[in-house]
Amino acid sequence: MKLLSAFRSSYLNRRGSTFRSLDPSSFDGGFIPKSSPSSIFWLAIHCLCCLISLILGFRFSHLVLFFLFSTSVTNLYTTTAGVSQLLQLKPLERKTNVTRDRIRPWPHPNPIEVVRAHQLLQRVQKEQKSIYGVRSPRTVVAVTPTYVRTFQALHLTGVMHSLMLVPYDVVWIVVEAGGKTNETASFVGKSGLKTVHVGFDGKMPNTWEDRRRMESEMRIQGLRIVREEKLDGIVVFVDDSNMHSMELFDEIQSVRWFGALSVGILAHSGNADELSSVLKMNQEGKKALSMPIQGPSCDSSGKLVGWHVFDTQPYATKSGVYVDDTAAVMPSKMEWSGFVLNSRLLWKESVDERPTWVKDVNNLLDGNEEIDSPLSLVKDPSMVEPLGSCGRNVLLWWLRVEARADSKFPPGWIIKSPLDITVPSKRTPWPDSSSKLSVVTKEAKSNQAATEKLSGKPRGSKSKSYSKEKQEPKAFNGFKVPATR
Amino acid sequence: MTNPSSLSAILLFLLLSVSSAQHNVRTERISGSAGDVLEDNPVGKLKVYVYELPSKYNKKLLQKDPRCLTHMFAAEIFMHRFLLSSPVRTHNPDEADWFYAPIYPTCDLTPTGLPLPFKSPRMMRSAIQLISSNWPYWNKTEGADHFFVVPHDFGACFHYQEEKAIERGILPLLRRATLVQTFGQRNHVCLDQGSITIPPFAPPQKMQAHLIPPDVPRSIFVYFRGLFYDVNNDPEGGYYARGARAAVWENFKNNPLFDISTDHPTTYYEDMQRSIFCLCPLGWAPWSPRLVEAVVFGCIPVIIADDIVLPFADAIPWEEIGVFVAEKDVPELDTILTSIPTEVILRKQRLLANPSMKQAMLFPQPAQPGDAFHQILNGLARKLPHDGSVYLRAGEKVLNWTAGPVGDLKPW
């Protein structure tokens, strides 16, 4: 054993690291062989060890020598037998037992533990939010004017998803022009939020100008609802075609009475060529292109000094008039969506708390005068709070895009009868469209059609042959070959 | 008449306590076995005399290789600099409680930057010979009121291989002195009873530069980056980390909750801040800078090193802050971690968020109150007053100046 330990220690001495690779001269004093018979003997053993390692493998060398030395010559046969036995056993222990028996037989995650880990993650994140996030979150009251049209599903789905993701309480007030409909009600119901869905008399007009006016009235109706229900929170004007970021809802939590945000104006809907030509004209006239953002503007100390407005003058002639024009749609001077207010401003009671720079809201709400922008609710516009690091963060985008006037959409986006084929797909084995097929009866058809299918006519001709023929439905797939346009 | 007033007093007290309780949600005070000592100020509690040694022991080594300032053993250099300008320093050795000899034994680096400990014993020996011949204070106690900073792998055993280090043991001349070292393992030859364990040096500015906002949600469950098999030095496995790191890899490499790999990304510090648990398994030595990084970044350290002694163990209650997993329990690591109650995890995170905890792990330049330098001084102060028995009578000798391997006795 002493020999074995001596071997091990010398072996370990050799295992210097590559990055600790040392020149032999700096080894500490134990191992440096000075010319002496014992050292030569050790050297010889060392060479023997290396040779045997080459043949038998790393660890076997000193084991073999141990056996050779420990037993007498007569036992050599038994020891070699023993060694060969070990040779068979050794490969299993190669990666030493320290690692091997510490591997679980089923090294896969336990699903219950995975669920628990996710619960832990959620709890930790909730704690983080409560410590580092908003201290006392207030309800978000979203006022949305809408009406039924083709693009309503597109817009309302976006708004609904945004509001569902808001990590605070939400009350969604939907004011619908033309009365309550099932279409809108389905979205409102799907959201799972607290909602107030009211109808508003009058059909939505077809020009952008009139539409803007009606929307303002609908929003005022929403504010009346806030006053009546005495909702406590922050009122946001969530237009159905706008896009809102999640940071918007975090940012508005810091508003005290009346806040203003930067709105990115995406006016370039419809005909892009016309607009770009206008832009080119501007460049030639060396007029500075104003950035399409509406929002508060501050001086270097962070105080509100004015408003940045998108200059719509250059586009006045080119902008769309009717809702379904292909030309770009321009925003009004100050969009409603860029303002948020504390709902307590609208309450009938608690007049004392209200800041003096706000007009008497009750009169405005009860009366019928036109309010085209929320700024008319305040006497002193300089008291408005700029949000989003003084308007430098654009947290929402304004967009108006609608479908053609004659576009129709299936009510509720549910198709009553199965869809017809308009364009056959390339690889589907297609029922043959030639006229003789349509004459044969159904039963015979199923066989013949199958064989015809496999005969493989070129696909391109099929689409042409389909076009003005009406054929009977085949038994094997539910497709109706149509009368297409 | 007394009842209403006492009632109102009670109500007031309740209100105050409720309101103050709400503010304390974020962090919790840390108090270890020695009490609430993390924020103690050592000034006035002890006096340290710094010997004036020739620059061949300190400055010249640093000039030869300035990399000594940035590797994980740089604590010895920064401790010297701190003491030179600290208010606890005294120029009168007769009133000093502790004596410090500024030697940098770990500043002998290979071309790739790793320290060679082979000359360190001779260097220490020669320094002590100098001290004992030029000043009378060493002989008074044979070093019992002296302290040395030996941050290398196995402390004052001066070797990087554990078996060799155990064979050598602590340098005989340092057996009576207090050793300030990073290595700590219970029932190990290289840890003296009265030693002070310190964290390895981690560059504070580098870590500050990678801080992310604290509201970024922690979405990684377990995080680890490092070697699992040391192919260069331990090709077959089984020796490196006593197989613990290999066990972690083999058991959890396919587990999506464990983000472990040998790949060192540039977002290493940021990822730690997005993790709940950070593994700190042993390597060739049981300690690693990962502990410091985990504490600074608020990630609960999972310490897989049997019998390890963590830094400032009497001031910091590590069992309440980290999770200790025995090496044999590594295959059940996921069960262990997911079965920790939620409240316990939140409490550990609160303790880690305590800024004095983070300060205690760092060696900032210049020194700040509550940092590791001050914790070392606090530790030294807690050992005062010196027991009367350390003072030797004139002529009495306890240490054996000729003990140790022959190579150590050569002059340096």
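We name chains A, B, ... by the order of the sequence lines, and we start the count at 1 in each one.
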message: So that I know where these two stand, are B/Phe221 and B/Phe277 an aromatic pair - ring centroids less than 6.0 Å apart?
response: yes

query: Judged by atom type as modelled, is there a donor-acceptor pair below 3.5 Å linking the side chain of A/Arg256 to the main-chain atoms of A/Asn342?
result: no

query: Just by modelled atom types, is the B/Val216 backbone N or O under 3.5 Å from a matching donor or acceptor in the B/Arg274 side chain?
result: no

statement: Note: vs chain A, highest number of non-hydrogen pairs under 4.5 angstrom among B/Asp329, B/Leu257, B/Thr338 is B/Thr338

message: Can you tell me how far apart SG (B/Cys299) and CG (B/Leu279) are? Round to the nearest 0.5 Å.
response: 8.5 Å

- request: Could you tell me which of A/Arg116, A/Glu113, A/Gln119 has the largest number of non-hydrogen atom pairs under 4.5 Å with chain B?
  value: A/Glu113

- request: Specify which of B/Thr335, B/Leu337, B/Ile340 makes the most heavy-atom pairs with chain A at under 4.5 Å.
  value: B/Thr335

field: Partner of B/Trp284 by side-chain hydrogen bond (donor to acceptor under 3.5 Å, both in side chains), out of B/Asp234, B/Asp153, B/Asp230
entry: B/Asp230

task: Using non-hydrogen atoms and a 4.5 Å limit, figure out which bit of B/Pro341 sits close to chain A: side chain, backbone, both or neither.
output: backbone

statement: Of the listed B/Thr342, B/Asp334, B/Ile345, B/Val406, the one with the largest count of heavy-atom pairs under 4.5 Å with chain A is B/Asp334

Part of B/Pro405 within contact of chain A (heavy atom distance under 4.5 Å): neither

query: Heavy-atom distance under 4.5 Å between the side chains of B/Ser120 and B/Asp108, does that happen here?
result: no

message: Heavy-atom pairs under 4.5 Å with chain B: which of A/Gln125, A/Lys126, A/Gln128, A/Lys129 has the most?
response: A/Gln128

